[in-house]
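Accompanying notes for the structure given below.
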Amino acid sequence: MVVPHTHWDREWYLPFQRFRVGLVRVLDEVLDAMAADPAYRFTMDGQLAAIEDYLELRPARRGDVARFVAEGRLAVGPWLILADEFLCSGETLLRNLEYGMRGAAALGGAMPVGYLPDQFGHCAQMPQMLALAGLRLACLWRGVPAHVDRDAFDWTGADGTTIRTGYLPGGYGNAFGLFTGPAEGMPDRVTAFVSTAEGWATGGTLLAMYGADHSAPAREITASGLRVATLAEALTGLPRPGDTGPGDTRPGGTGPGDGLPRVVGELRSHARANILPGVISARVPMKQAMARAERVLTRYAEPLSALWLADRSACERLLDRSACERLLDRSACERLLDFAWRSVIACSGHDSVTGCGSDETAQQVAARIAEAGQTAQAVVDLVAASLSEAAPKGALVVVNPSPFERTGLVLADLPEDRASLADASGRSVPVQRLEHAPTLLDETVMDDLSRLLGRVHERELYGHEIVSWHAGDGVFTVTVSRHASGAYAYEDLRRAVLEAGPGPWIVRTVAEPVVTVAALVTVPPLGRAVLTARPPGPGRPASVAGALRTDAYGFEPVLDNGLLRVRVAEDGTLSLRGADGAEVHGVGRIVHGGDAGDTYNHAPPPDDRLLDRPSRVVVDEIYSGPLTGAYEITRVYDWPAGAGDDETVPTAVTTRVELRAGEPFARCEITMDVRCRDHRVRWHAPLPRAAAGSHAEGQFAVVRRGLTAEGGGGERPIPTFPAESFAAAGGLAVLLDHVTEYEIVRDEAGGDGTEMALTLVRSVGYLSRNRNPYRDEPAGPEVPTPAAQCQGPLTVRFAVLPYAGEWHDAGLPRLAEEFRHDLLALPGTGAAGAYGPGGGGHLAISGDGVVMAALRERDGRLEVRLVAEHPTATEAVVRGDFTAAWTAGVLGSPLSPLEVSRDEVFPDVFSDDGADGQGPAAPWRTVRVPLKPFEIATVHLGGHLGRA
C-alpha cells in the first residue's frame with residue numbers, strides 16, 4: 001500500500017520564510033493533483049503547522065483543504081508541530097497535541113494516528129499522552145531497539161499505557177525510489193521493495209512510504225496499479241493491543257498475546273537509526289531560554305491569571321468596581337496566553353529548539369522564544385499589578401507558585417530606617433542584610449537649573465519618587481525614594497528651581513538609604529503573604545529553623561545549615577555532607593575537551609586532551625548569615641583556542657555556591673566567558689557510591705537508564721542523556737533549571753559508574769559535518785555555523801545534593817519544584833491601609849511524588865494537570881473551594897466524575913480573611929485521585945473557586 005506524503009521541516013538549514021516559499025509550491029501541486037484525481041491521497045507529516053503556514057499565503061484554498069480532509073483523502077494533524085520530545089516540557093507536548101487536534105478539527109478532523117516520523121527519539125510517556133488525546137495508534141521511525149524485528153510493536157509508557165505502534169523500517173521514505181526511473185522498470189522496483197519489506201511484515205499489507213523531505217510525490221502514482229492510501233488508511237488493519245494471536249517466545253518482550261514485540265518506556269536506541277543525541281547540548285543558551293519561557297507561561301502566567309484575575313469577590317475588595325471590571329475582562333489575557341503558547345510550541349520543533357539549523361534559523365528561533373517568554377511575563381505583570389495595588393506602599397507581597405505551603409527566601413529593598421518585616425499577624429519575619437544601595441545617584445553641574453525639570457516626570461526621577469529638595473551653598477539636592485510618602489506637588493518643585501537663581505549649581509540626586517535584605521517567608525499554597533516594613537525592634541531576632549552556622553574561627557570556607565554541610569577545598573571543588581550521612585568530595589571539577597563533531601553529534605578529536613587543573617584558584621566570601629551564605633570560587637584555566645591549537649586562552653570559570661536556611665541542596669551558579677572553539681566543557685562530581693544506572697526526570701516521567709546505549713545504526717552510542725528537572729545516580733542528585741545533557745562516567749575498568757558529568761557548553765562550527773567520526777552519514781548539509789560556537793558570556797545554574805536511599809526517598813520531585821520555581825516578590829503600590837483578602841489561592845495539592853504540571857482556567861473551570869512522579873501507586877489529594885470534580889482528556893472532554901467530600905475545613909492551609917488574619921475559615925472540599933506510577937491525570941474543578 002503506497003502512502004504519498006512529505007516531511008516538511010518548517011525551518012532548518014534555511015530560515016522559516018525561505019522554506020515556506022517551497023511549501024507553497026509543494027502544496028499547490030498536491031492540491032491540484034487531488035482536485036484532478038479523486039483517487040489521489042496525501043499525508044502530511046503529522047504536523048498541522050505546515051497547512052496553517054500554507055493557508056496564510058493561500059487563504060483562497062482553505063475550502064479545498066477542508067474538502068479533501070473531510071473526504072478522508074488529505075491527512076492532517078494530530079500535532080501542531082513535530083517537536084523534539086526531550087527538549088520541551090511534557091506540558092508543551094500536550095498543548096502541542098491540543099492545538100493540533102483542535103486546529104485539524106476545524107478543517108474536518110485530525111489524522112487518528114500519533115505520527116512521529118522524524119523526532120530524535122521518543123519520551124517514555126508518549127503512549128499515555130497520545131491515549132489521553134484519544135489516539136491508540138502511533139507510527140514512528142527513530143529510537144526503536146534491536147529486538148523490534150517487525151513493522152509493528154506494542155509500546156508501553158512509563159505509567160503502563162500500551163498503544164500499538166507502526167514501525168517504519170528504512171525510515172519515512174522507504175519507498176521513495178519506487179516511482180523513480182522508466183515505467184518499464186516499475187515491476188522490478190516493486191519486486192525489490194517487496195523482498196525487503198516482507199521480512200518485516202506483521203500482516204499482509206506492506207507499507208510503502210512514498211515521499212521525502214520538502215517534496216511532493218508524482219501525480220501518476222494512482223495509475224501504477226498499486227493501492228494508494230493515507231497513513232491512517234494504511235494502518236487500519238493493524239491489530240490493537242489485546243487482539244488474540246499466536247504467542248511469541250523470542251527475547252526482548254512481547255505484546256499482550258498477539259506475538260508482537262513489546263517496548264517499555266523511552267525510545268533512545270541507536271540500533272535501527274541514528275538519534276542525533278548531540279542536539280541536547282547544541283546552543284545551550286537556546287535551551288535555557290526555552291525552559292524560562294515554558295516556566296513563566298506554565299507555572300506563573302496561567303495559574304496566577306486563573307486564580308487571581310478571575311476572583312470577582314476578591315477583586316471588588318481590592319479595587320473599585322470599574323478597575324475590577326477591567327481586570328475581569330479576560331479576553332486580552334487569553335489572547336496573550338494563546339500567542340505565547342503558539343510561539344513556545346513552534347519553537348519546540350525538532351529542527352528549532354534543537355539548535356541543529358543554520359545560524360539564521362537559530363537567531364529566529366531565539367527571538368521567538370524570547371517573545372513567547374516576554375508575552376507570558378506580560379500576563380504575570382498584569383496580575384502582579386493587581387496584587388500590588390491591594391497592598392500599601394512599602395509593603396511586600398510574596399506569591400507562592402506551588403500548590404503546597406512554601407517557606408523560602410525572597411529579596412527586598414527596604415529603607416534603612418524600616419529594614420525589618422512583619423507578617424499580617426504582626427510576627428517578625430526573619431531577615432538578613434545583604435548590601436546597601438548607593439545613596440548618591442547623580443551629581444551634575446548646571447548653569448541653568450531649569451534643566452533639572454527636564455529630568456523630572458511628575459514625581460519620578462531616575463526611577464525613584466521625589467521626597468524633598470533643598471537649595472544652599474551652590475548645591476541643589478533632591479532626595480528620592482523607591483516608594484515615597486507624604487505630599488508632593490510638581491509646581492512646588494518648579495517654583496523652588498526658578499527661585500534658586502542663576503548658576504552654576506551642583507545638582508545632587510540622593511536616595512534615601514536602602515538596604516537589600518533576604519527574608520524567609522512562609523506562604524500558603526498558590527497563595528500570597530503581605531509583609532509590612534517597620535523599624536527594627538529591640539530584642540532577639542526572629543528564630544530560624546535550619547539557620548546557617550558559621551566557622552567561629554574563620555579557618556575554612558564552610559556553609560552549614562544542619563541539613564547540608566558544604567566545604568570549599570583548595571582546588572575549588574566542594575565537599576558535601578548531608579544530614580543523613582551521605583558524603584562526597586571533589587564535587588565540581590571542570591573538564592575541558594575538544595569537539596570535532598557538529599550540532600547533531602559530539603565527537604572528540606583524535607588527539608583529544610582532557611584538561612581539568614586550574615592554574616589559579618581564588619575563593620571569596622560573598623555573604624554569611626543565618627538565612628543564606630555564599631562563596632565565589634574563581635578558577636583560571638589555560639585551554640586551547642581551538643581543537644588541536646597550540647595557542648591557549650586563559651579562561652576564568654566562576655562558581656558561586658550558595659546555601660540557604662532549610663534547603664538540603666547547594667545552589668551553584670557557574671559563569672564563564674566562552675572564548676574557545678570546537679570544545680566541550682563539563683562539570684564533574686564523584687558519586688557517593690558506585691552506580692549501575694541513573695534516574696532522570698523529564699516529560700512526565702522519571703526514567704531509569706543504564707550506563708551504555710544500544711548501538712548499531714551507524715552512530716556511536718555515547719551514553720549522554722537528557723534530563724529536565726533532575727538527574728540522580730549513586731546517591732548524588734543535580735536539580736536543573738533547563739534540559740541538560742548528562743553522563744554517568746564509568747570507572748577505568750568499564751565497571752559501574754563513579755562520576756556524573758553535566759555538559760555546560762559545547763562549541764561546534766558546522767550544522768553537520770560530512771565526516772563526523774561518531775556518525776556514518778551526514779545528518780544534513782555541511783553548513784558553517786559560527787554562532788554555534790556559543791562564544792561570549794555564559795551562566796549555568798543548578799543545585800546539587802548527596803542523599804541516602806533512593807531518589808524518591810530523597811523527595812527529588814519536591815526539591816526540584818522548589819529550586820525551579822522561585823517565590824514571587826512584589827512591592828505594594830496601593831494606598832495606606834489597602835489590604836486585599838488573605839493569602840489563600842483557593843487550591844492545595846499533596847501526595848507522595850505528586851507534581852502539578854499546569855493550572856489554568858478552561859471554560860469557566862480550573863484545569864489541573866497532575867503527574868505521579870513516584871515508583872509506586874500514590875494518591876493526589878486536591879483541596880480547595882470547589883463543589884464538583886472530574887477527570888478530562890487533552891481536549892477538555894470529561895472522562896469520569898470524582899467524588900468530592902463536603903465536610904472538611906482547613907483554616908491552617910487557606911485563609912480568606914483580611915489583613916488581621918482573624919476572619920472566619922471557609923469550608924474547603926477534598927477530592928482524592930488515585931494514581932499509578934507516573935500517571936498523568938487532568939482534573940477539572942467546578943463550583944465557586946472564588947468566583948461570583
Open item on the list: Can you tell whether the side chains of E56 and R20 come within less than 4.0 Å, N to carboxylate O?
Closed with: yes

Task: Side-chain donor/acceptor of D595 to backbone N/O of A603, under 3.5 Å - done: yes

TODO: Answer yes or no: is there an ion pair linking E98 with R858, defined by an N-O contact shorter than 4.0 Å?
DONE: yes

TODO: Could you tell me whether the side chain of H602 and the main chain of S281 form a donor-acceptor pair under 3.5 Å?
DONE: no

TODO: Would you check if Q377 and L297 make a side-chain contact, meaning some heavy-atom pair closer than 4.5 Å?
DONE: no

- [ ] Can you label the angle between the F179 ring and the Y210 ring as parallel, tilted or perpendicular, going by 30° and 60°?
- [x] tilted

- [ ] With rounding to the nearest 0.5 Å, note down the distance linking CG in D678 to OH in Y766.
- [x] 9.0 Å

Task: Charged tip of R342 within 45° of F339 ring normal and under 6.0 Å - done: no

Open item on the list: Let me confirm one number: the OG-CE distance from S352 to M286, rounded to the nearest 0.5 Å.
Closed with: 8.5 Å

TODO: Quick one: list whatever passes ring pair (Phe, Tyr, Trp, His ring centres under 6.0 Å) with F153, sequence neighbours left out.
DONE: none

TODO: Using a strict cut-off of less than 4.0 Å between a Lys/Arg side-chain nitrogen and an Asp/Glu carboxylate oxygen, indicate whether R58 and D64 qualify as a salt bridge.
DONE: no

Open item on the list: Looking at every heavy atom in both Q125 and A701, which two are closest together, and how far apart are they?
Closed with: CG-CB, 4.0 Å

- [ ] Check the side chains of N772 and D598 for a donor-acceptor pair under 3.5 angstrom, ignoring hydrogens and angles.
- [x] yes

Task: Within 45° cone of F86 ring axis and under 6.0 Å: R268 NZ or CZ - done: yes

Task: Side chain proximity check, L107 to I51, heavy atoms < 4.5 angstrom - done: yes

TODO: Say whether, by atom type as modelled, one donor and one acceptor occur between the side chain of E302 and the main chain of L337 under 3.5 angstrom.
DONE: no

- [ ] Answer with yes or no after comparing the ring centroid distance for W200 and Y167 against a 6.0 Å cut-off, counting only values under it.
- [x] yes

Open item on the list: The test is side chain to side chain contact (heavy atoms under 4.5 Å, CB included); show your working for R716 and H270 and say whether it passes.
Closed with: CA-CA 8 Å; R716 179 72 69 91; H270 306 253; over 6 Å; no

Open item on the list: Donor-acceptor check, side chain of T236 to backbone of A234, threshold 3.5 angstrom: yes or no?
Closed with: no

Open item on the list: I'd like to know if the side chain of T6 reaches the main chain of A212, judged simply by a donor and an acceptor atom lying under 3.5 Å from each other, with no hydrogens or angles considered.
Closed with: yes

Open item on the list: Given 3.5 Å as the limit, does a donor-acceptor pair link the side chain of S768 with the main chain of A779, or not?
Closed with: yes

Task: Minimum heavy-atom distance between C88 and E724, given as atom pair plus value - done: O-OE1, 4.3 Å

Open item on the list: I'd like to check W79 versus M101 (side-chain heavy atoms, cut-off strictly below 4.5 Å). Are they in contact?
Closed with: no

Open item on the list: Has T43 got a side-chain atom pairing as donor or acceptor with L231's backbone, closer than 3.5 angstrom?
Closed with: yes

TODO: Look at the side chain of N96 and the backbone N and O of I81, then say whether any donor-acceptor pair between them is shorter than 3.5 Å.
DONE: yes

- [ ] Using side chain to side chain contact (heavy atoms under 4.5 Å, CB included) as the criterion, point out the one residue from T298, I936, L855 that pairs with R865.
- [x] I936

Open item on the list: Any salt bridge linking R25 with D28? Criterion: basic side-chain nitrogen under 4.0 Å from a carboxylate oxygen.
Closed with: no

- [ ] Check whether any side-chain N or O of T361 sits under 3.5 Å from a backbone N or O of W12 as a donor-acceptor pair, and report yes or no.
- [x] yes

Open item on the list: Can you confirm whether E71 is buried at CD, in the sense that more than 12 heavy atoms of other residues, nucleotides or ligands lie under 6.0 Å from that atom?
Closed with: yes

Open item on the list: Looking at E777, I'd like to know if its CD atom is crowded, meaning that more than 12 non-hydrogen atoms belonging to other residues, nucleotides or ligands lie closer than 6.0 Å.
Closed with: no

Open item on the list: For Y40, I'd like to know if atom OH has over 12 heavy atoms of other residues, nucleotides or ligands within 6.0 Å.
Closed with: yes

Task: Audit row: F721, I280, side chain to side chain contact (heavy atoms under 4.5 Å, CB included) steps and yes/no - done: CA-CA 8 Å; F721 300 104; I280 302 298; over 6 Å; no

TODO: Calculate, to the nearest 0.5 Å, the distance between atoms CG and CG belonging to L226 and L178 respectively.
DONE: 6.5 Å

TODO: Establish, yes or no, whether a centroid distance under 6.0 Å links the rings of F42 and F68.
DONE: no

- [ ] Report yes or no: does H122 contribute a side-chain atom to a donor-acceptor pair with the main-chain N or O of W141 at less than 3.5 Å?
- [x] no

- [ ] Report yes if the side chains of L206 and M1 come closer than 4.5 Å at any heavy-atom pair, otherwise no.
- [x] no

TODO: Could you please spell out the steps behind the salt bridge (Lys or Arg N to Asp or Glu O under 4.0 Å) verdict for D359 and R283?
DONE: CA-CA 10 Å; D359 283 349; R283 304 188 196 261; 3.0 Å; yes

Open item on the list: Given S763, which partner from the list Q791, R680, H679 fulfils the side chain to side chain contact (heavy atoms under 4.5 Å, CB included) test?
Closed with: H679

TODO: Over all heavy atoms of both residues, which pair between R295 and D737 is shortest? Give the atoms and the distance, please.
DONE: NH1-O, 2.9 Å

TODO: Step by step, work out the side chain to side chain contact (heavy atoms under 4.5 Å, CB included) result for D9 and D213.
DONE: CA-CA 7 Å; D9 298 294; D213 293 357; 3.9 Å; yes

Task: Listed partners of D45 passing side chain to side chain contact (heavy atoms under 4.5 Å, CB included), at least two apart - done: H7, W8, Q47, L82, Y115, P117

TODO: Work out which heavy atom in Q699 is nearest to a heavy atom in M129; give both atom names and the distance.
DONE: O-CE, 3.9 Å

Open item on the list: What verdict does the salt bridge (Lys or Arg N to Asp or Glu O under 4.0 Å) test give for D338 and R335, after you've listed the backbone C-alpha separation in whole Å, the side-chain angles of each residue and the deciding distance to 0.1 Å?
Closed with: CA-CA 5 Å; D338 176 72; R335 285 193 291 271; over 6 Å; no

Task: Pairs meeting criterion salt bridge (Lys or Arg N to Asp or Glu O under 4.0 Å) with involvement of residues 217-235, two or more places apart - done: R41-E233

Task: side chain to side chain contact (heavy atoms under 4.5 Å, CB included) evaluation trace for L207 with M209 - done: CA-CA 6 Å; L207 189 60; M209 300 294 292; 3.9 Å; yes

Open item on the list: Between F120 and D84, is there a side-chain heavy-atom distance shorter than 4.5 Å?
Closed with: yes

Task: Interatomic distance, T354 atom OG1 to M290 atom CE [nearest 0.5 angstrom] - done: 10.5 Å

Task: Shortest non-hydrogen separation from A271 to S269 and the atoms involved - done: N-OG, 3.0 Å

Task: Distance (rounded to the nearest 0.5 Å) between M111 CE and C139 SG - done: 8.5 Å

Open item on the list: Quick check for you: to the nearest 0.5 Å, what is the distance between E715 atom CD and R775 atom CZ?
Closed with: 7.5 Å

Open item on the list: Quick one, E294 with T92, criterion side chain to side chain donor-acceptor pair (under 3.5 Å). Give me CA distance, side-chain angles, the key distance, then yes/no.
Closed with: CA-CA 8 Å; E294 288 180 314; T92 296; 2.6 Å; yes

Task: Minimum heavy-atom distance between R769 and G597, given as atom pair plus value - done: NE-O, 2.8 Å

